[in-house]
Amino acid sequence: MSAQIEAYQKAITELEAAANKVQRLVSTIRDGSSKLGDWKRLCVSNAPPGVGFPPELALSPHTPSIDARAWPTGEQIAQAVSGWHQARGAVRQAYEAIPASQREVVTPPPG
């Protein structure tokens, strides 16, 4: 296997990892968004010191909860999405580096 094909396969693996990272953030945000729809019953676990919730909510196993530590910051979202774009660019560059005569052995970059 040529070095260019190996580099391309590595870039594909890094793109998949970047996509998985963004997807985990999306899942966390969607879950939190769904729970925020019923915000009057919501608790936030691992909240900063001094932030509290009524005992009838905090002690109930039926209270929807968001983990403050799991919630991404805007910076984390930006870094993850930017990382995916960078990884996608690296995949395209790695694919273009493969000689045309060898490209038939690899799948073209995802759209």
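Among pairs with a residue in residues 83-92, none fulfils salt bridge (Lys or Arg N to Asp or Glu O under 4.0 Å), at least two apart in sequence or across chains. Judged as a ring pair (Phe, Tyr, Trp, His ring centres under 6.0 Å), not a single pair has a partner in residues 25-82 (not counting sequence neighbours). The stretch residues 10-23 participates, sequence neighbours left out, in these salt bridge (Lys or Arg N to Asp or Glu O under 4.0 Å) pairs: K10-E14. Residue pairs meeting the salt bridge (Lys or Arg N to Asp or Glu O under 4.0 Å) criterion with at least one partner in residues 68-83, sequence neighbours excluded, do not occur; the list is empty. Note on residues 37-63: pairs passing salt bridge (Lys or Arg N to Asp or Glu O under 4.0 Å), not counting sequence neighbours, are D38-R41.
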Contacts table for residues 100-108: side-chain donor-acceptor under 3.5 angstrom, sequence neighbours left out:
unit_1: Q102; atom_1: OE1; unit_2: S2; atom_2: OG; d: 3.1
unit_1: R103; atom_1: NE; unit_2: Y95; atom_2: O; d: 3.3
unit_1: R103; atom_1: NE; unit_2: I98; atom_2: O; d: 3.0
unit_1: R103; atom_1: NH2; unit_2: E96; atom_2: O; d: 3.0
unit_1: R103; atom_1: NH2; unit_2: I98; atom_2: O; d: 3.3

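In this structure, the side chain of S33 does not engage the main chain of I29 through any donor-acceptor pair within 3.5 Å.
Checking each of Q86, Q79, H85 against S82 for a side-chain contact (heavy atoms from CB on, under 4.5 Å) leaves exactly one that passes, namely Q86.
For the pair L57 and L42, the tightest heavy-atom approach, listed with the atom from each and the gap, is CD1-O, 4.4 Å. Between A11 and A94, the shortest heavy-atom contact is CB-CB, 4.2 Å.
Under the 4.5 Å side-chain criterion, counting only non-hydrogen atoms from C-beta, L15 is in contact with P110.
By the side-chain contact (heavy atoms from CB on, under 4.5 Å) test, V22 pairs with V26, A80, V81, W84, sequence neighbours left out. For the side-chain contact (heavy atoms from CB on, under 4.5 Å) test, no residue two or more places apart in sequence or in another chain qualifies with A17. Under the salt bridge (Lys or Arg N to Asp or Glu O under 4.0 Å) criterion, D67 pairs with no residue, sequence neighbours left out. Applying the side-chain contact (heavy atoms from CB on, under 4.5 Å) criterion to T13, with sequence neighbours excluded, gives no partner residue. Partners of S34 according to the side-chain contact (heavy atoms from CB on, under 4.5 Å) rule, which considers only residues two or more places apart in sequence or in another chain, do not exist here.
Rounding to the nearest 0.5 Å places OG1 of T28 at 10.0 Å from CD1 of I66.
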